[in-house]
Amino acid sequence: MTNKYCSVKPALNAGLRQVFIETYGCQMNVNDSEVVLSILQPHGYSLCNSIKEADLILINTCSIRDNAEQRIWGRLDIFRLEKKKRKGVVVGILGCMAERLKEDLLNHTAVDIVAGPDSYRELPQLIASLTGGGKQINTILSQEETYADISPVRMDKNGVSSYISIMRGCNNMCTYCVVPYVRGAERSRDPKSIVKEAEELFGNGYREVTLLGQNVDSYNWVNPENPTEKTDFARLLEMVALIDPKLRVRFSTSHPKDMGDSVLYTMAMYPNICKHVHLPVQSGSDAVLAKMNRKYTRESYLRRVAKIREVLPDCSISTDIITGFCGESEEDHLETLSIMREVGYYTAYMFQYSERPNTKAARHYPDDVPAEVKSRRLSEVIQVHGEISLASNQKDLGKVFEVLVEGYSKRSKAELTGRSSQNKVVVFPAGNHKVGDYVNVKIERCTPATLIGTEIIK
Ligand code: 5AD
Ligand code: SF4
């Protein structure tokens with residue numbers, strides 16, 4: 001992971017220990033790594049750029065699909081070699097895979113510490129206890145932990161957009177998903193601490209925050225001192241939007257069964273709440289949705305989409321799709337392709353079903369779609385994705401979007417890149433602009449993934 005916090009060379013750094021943190025999985029995990037760094041810094045750790053410099057190597061892991069876990073086993077073999085070369089290096093495994101596999105990971109020769117997502121406050125203690133010999137593990141899940149009081153040390157690259165975790169855990173119990181088992185029960189973070197974190201980011205030059213939760217629509221904070229005082233997600237969005245009109249607010253992930261109209265009306269009221277909803281559909285077939293325990297139907301999903309379009313005509317919608325879930329027939333698959341076309345997603349994250357041990361699907365439904373059928377269906381989903389994202393971008397030709405600049409384009413320093421409120425990537429000639437500026441760009445060309453245009457002065 002690259003970072004800007006490791007400017008001090010180890011030789012000048014007497015007394016400081018170097019920690020290297022490698023992060024896999026979702027944005028919430030990236031945010032958790034920032035919380036971990038914040039916990040370790042007062043204990044004399046500073047972040048470094050390479051495992052070769054590190055006294056402590058931490059790997060923050062993901063369990064969502066088997067291939068995510070396989071990559072991490074591969075990394076542990078590399079860390080074992082590093083430990084052989086340099087005595088005293090400590091390796092800790094954090095996050096969802098630590099929670100899922102517990103002692104099985106501790107038994108790996110490279111691993112000294114296993115810490116689940118709710119035990120990061122214990123890390124300094126776990127590290128200190130290693131001096132007595134042996135390995136250390138803490139995978140206790142909590143009903144309360146939200147790390148609300150911890151200011152994450154930002155490791156993001158652009159200094160413009162950042163992420164704030166507003167809740168932890170998940171209560172949904174989708175039958176394919178490991179998250180409720182590895183992240184525990186859902187709990188909401190105190191809104192005052194969220195607003196304070198967003199204000200600090202704005203004060204430090206950030207211009208965009210994304211509020212993160214497994215299901216943001218079920219955010220509900222109840223004041224423990226006064227249980228009649230409650231904050232729901234629509235109110236939280238408003239509180240963050242009111243910090244400053246120049247602070248963009250995004251959020252992810254919305255659940256189609258829970259996304260209420262009040263969130264849509266709040267989005268409509270504040271221009272700085274970005275007009276983008278990530279609304280995972282997973283499948284277009286009612287039979288598959290029921291087996292996944294998604295608690296909505298194709299029809300009720302489409303009604304949600306129609307409501308979004310009615311209240312927010314310029315809102316973009318993205319989604320997640322799983323191909324080859326247990327019992328998925330060819331007709332079910334065709335329904336997924338058709339709902340993609342019907343909604344016209346501007347983008348989608350697309351996966352083959354991967355059976356996760358101990359989930360309801362693993363316990364009750366045979367993983368019976370052959371691997372080659374899963375992958376053929378995934379290619380067809382990807383093909384439709386290419387068509388509909390291009391069509392979505394073509395609709396934007398000639399329109400003007402306010403773009404928040406995030407950096408230079410990959411191709412040239414003469415071009416800047418940023419995103420529109422709809423979360424589409426926009427590239428345009430740099431002129432005198434810099435990272436963090438808002439620029440009005442008229443769209444002239446597009447690819448399936450990018451809008452290309454030039455600045456216009458309104
Ligand atoms: N197999 C494949 N994809 C999965 N996802 C979650 N669990 C699985 C699984 N077992 C996908 C879903 C979810 C996204 C984060 O990952 O689409 O929305
Ligand atoms: Fe994030 Fe889910 Fe992976 Fe955990 S398992 S890191 S919550 S995507």
Side-chain angles (χ1 to χ4, degrees), residues 21-36 58-72 93-101 115-118 120 139 141 163 165 167-186 212-216 252-257 277-284 288-289 291-296 301 318-326 328 336 339-340 345 347-365 367 369 371 374-375 377-378 381-382 385:
I21 310 181
E22 192 165 293
T23 308
Y24 292 83
C26 59
Q27 197 58 52
M28 294 187 88
N29 243 22
V30 176
N31 213 211
D32 277 8
S33 292
E34 296 177 334
V35 165
V36 165
L58 296 177
I59 179 162
N60 196 356
T61 59
C62 176
S63 278
I64 197 107
R65 284 169 288 275
D66 185 56
N67 56 8
E69 290 197 351
Q70 292 313 322
R71 273 176 41 215
I72 288 153
I93 181 152
L94 317 177
C96 297
M97 191 174 164
E99 191 63 46
R100 195 179 85 73
L101 293 174
D118 289 343
Y120 299 148
T139 53
L141 286 174
Y163 296 83
S165 296
M167 57 208 292
R168 297 180 75 80
C170 184
N171 287 351
N172 285 326
M173 304 308 274
C174 302
T175 54
Y176 52 79
C177 190
V178 75
V179 172
Y181 304 94
V182 293
R183 292 244 162 197
E186 184 184 282
L212 293 175
Q214 296 294 344
N215 176 1
V216 291
S252 189
T253 295
S254 303
H255 197 302
K257 78 175 164 65
V277 178
H278 184 62
L279 198 67
V281 68
Q282 313 298 0
S283 166
V288 175
L289 289 172
K291 212 168 187 181
M292 288 176 162
N293 193 33
R294 291 291 289 172
K295 300 198 176 101
Y296 55 85
Y301 182 93
S318 55
T319 202
D320 293 347
I321 287 171
I322 299 177
T323 67
F325 185 60
C326 314
E328 185 190 68
T336 298
I339 205 167
M340 291 174 74
Y345 299 108
T347 197
Y349 299 89
M350 301 156 284
F351 314 101
Q352 288 182 45
Y353 173 58
S354 163
E355 187 178 82
R356 307 312 295 129
N358 297 323
T359 55
K360 183 163 180 205
R363 283 182 281 121
H364 296 284
Y365 311 135
D367 182 10
V369 177
K374 277 185 191 168
S375 95
R377 288 182 187 164
L378 180 63
V381 163
I382 291 170
H385 172 257

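We count ligands from 1, going down the list as the structure has it; atoms in each ligand are counted the same way. Computed from a prediction, not measured in an experiment: that's the story for all the values here.
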Quiz prompt | Nitrogen or oxygen atoms of Arg65 and ligand 1 under 3.5 Å apart | solution = yes
Quiz item: Quick one: does Arg356 get an N or O within less than 3.5 Å of an N or O on ligand 1?
Solution: no
Does [Y] offer a backbone N or O that forms a donor-acceptor pair with the side chain of [X] under 3.5 Å?
X      : Y      : value
Asn29  : Thr61  : yes
Asn31  : Ser165 : yes
Arg363 : Asn358 : yes
Ser254 : Leu279 : no

Quiz item: Can you list the atoms of ligand 1 that are under 4.0 Å from a heavy atom of Gln282?
Solution: 12 (C), 13 (C), 17 (O), 18 (O)
Practice problem: Measure Phe351 to ligand 1 on non-hydrogen atoms and call it side chain, backbone, both or neither using the 4.0 Å cut-off. | Solution: side chain
Quiz item: ligand 1 versus Val178, non-hydrogen atoms closer than 4.0 Å: side chain, backbone, both, neither?
Solution: neither
Quiz prompt | More than 12 heavy atoms of other groups within 6.0 Å of Lys257 NZ | solution = yes
Self-check item: Any Gln214 heavy atom less than 4.0 Å to ligand 2
Solution: yes
Self-check item: Option with minimal heavy-atom separation from atom 18 (O) of ligand 1, where the choices are Asp320, Thr253, Asp66
Solution: Asp320
Self-check item: Residues Ser318 and His278: side-chain donor-acceptor under 3.5 angstrom
Solution: yes
Quiz item: Can you tell me if Glu355 has a non-hydrogen atom under 4.0 Å from ligand 1?
Solution: no
Exercise. Check atom 4 (Fe) of ligand 2 and write out every protein N, O or S atom at under 2.8 Å, as residue and atom.
Key: Cys96 SG
